[in-house]
Amino acid sequence: MNRPDPKCPVCRIAMAAGFIVDQTHGGQIESATWAEGVPEKNVWGGVKAKDKPRLGIVSFRCSQCGWLVNFALESPKR
């Protein structure tokens, strides 16, 4: 998939690219990923995702109204 370049569905202006931060155990910061299926809890209170293929997420924000649009990129991220 080519990198999307969306316009805000509300304001009809170009949106700024960014990413959603995912803070892991120990405070390390990563970018969030998308996994197919329904989340299942693990024994430590998180969710099981080890065996699920994951895709990187790119997020776009409208500077006028704050609307977010997210895309799961085709290149897998594990």
Side-chain angles (χ1 to χ4, degrees):
M1 171 184 210
N2 292 333
R3 186 173 182 89
D5 188 21
K7 291 201 182 309
C8 175
V10 176
C11 303
R12 306 285 185 222
I13 63 172
M15 300 177 83
F19 63 98
I20 298 171
V21 173
D22 181 17
Q23 190 165 350
T24 63
H25 181 71
Q28 183 161 336
I29 295 176
E30 298 179 356
S31 61
T33 57
W34 178 88
E36 187 173 350
V38 178
E40 301 172 51
K41 292 272 186 190
N42 67 23
V43 294
W44 297 283
V47 294
K48 297 177 185 178
K50 183 178 179 183
D51 296 328
K52 295 184 181 208
R54 292 184 283 161
L55 300 175
I57 298 171
V58 64
S59 184
F60 292 83
R61 180 184 178 274
C62 176
S63 61
Q64 196 164 351
C65 72
W67 189 290
L68 294 178
V69 175
N70 301 307
F71 294 90
L73 302 179
E74 292 297 323
S75 56
K77 180 179 178 182
R78 286 205 172 248

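Numbering of residues begins at 1 and proceeds along the displayed sequence.
- Of all heavy-atom pairs spanning Ile29 and Val21, the tightest one is CG2-CG1, 3.2 Å.
- Separating the CZ atom in Arg61 from the CZ atom in Phe19 is a distance of 14.5 Å, to the nearest 0.5 Å.
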Exercise for the section: Just do the side-chain contact (heavy atoms from CB on, under 4.5 Å) check on Arg12 and Gln64 with the steps written out, would you? Expected result: CA-CA 10 Å; Arg12 306 285 185 222; Gln64 196 164 351; over 6 Å; no

Exercise for the section: List the steps and the verdict of side-chain contact (heavy atoms from CB on, under 4.5 Å) for Ile13 and Lys7. Expected result: CA-CA 5 Å; Ile13 63 172; Lys7 291 201 182 309; over 6 Å; no

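- A distance of 10.5 Å separates OG1 of Thr33 from CD1 of Ile20, quoted to the nearest 0.5 Å.
- Atom CD of Gln28 and atom CG of Asp22 lie 10.0 Å apart (nearest 0.5 Å).
- Between Lys48 and Lys41, the shortest heavy-atom distance links the atoms CE-O, 3.5 Å.
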Practice task
Could you walk me through whether Phe60 and Trp67 pass side-chain contact (heavy atoms from CB on, under 4.5 Å), step by step?
Solution key: CA-CA 8 Å; Phe60 292 83; Trp67 189 290; over 6 Å; no

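- Rounding to the nearest 0.5 Å gives a distance of 7.5 Å between OG of Ser59 and CE of Met15.
- Partners of Ser63 according to the side chain to side chain donor-acceptor pair (under 3.5 Å) rule, which considers only residues two or more places apart in sequence or in another chain, do not exist here.
- Put simply, CG on Leu55 and CH2 on Trp34 are 6.0 Å apart, with the number rounded to the nearest 0.5 Å.
- Annotation for Val58 and Gly18: closest pair CG2-O, 3.7 Å, computed over non-hydrogen atoms.
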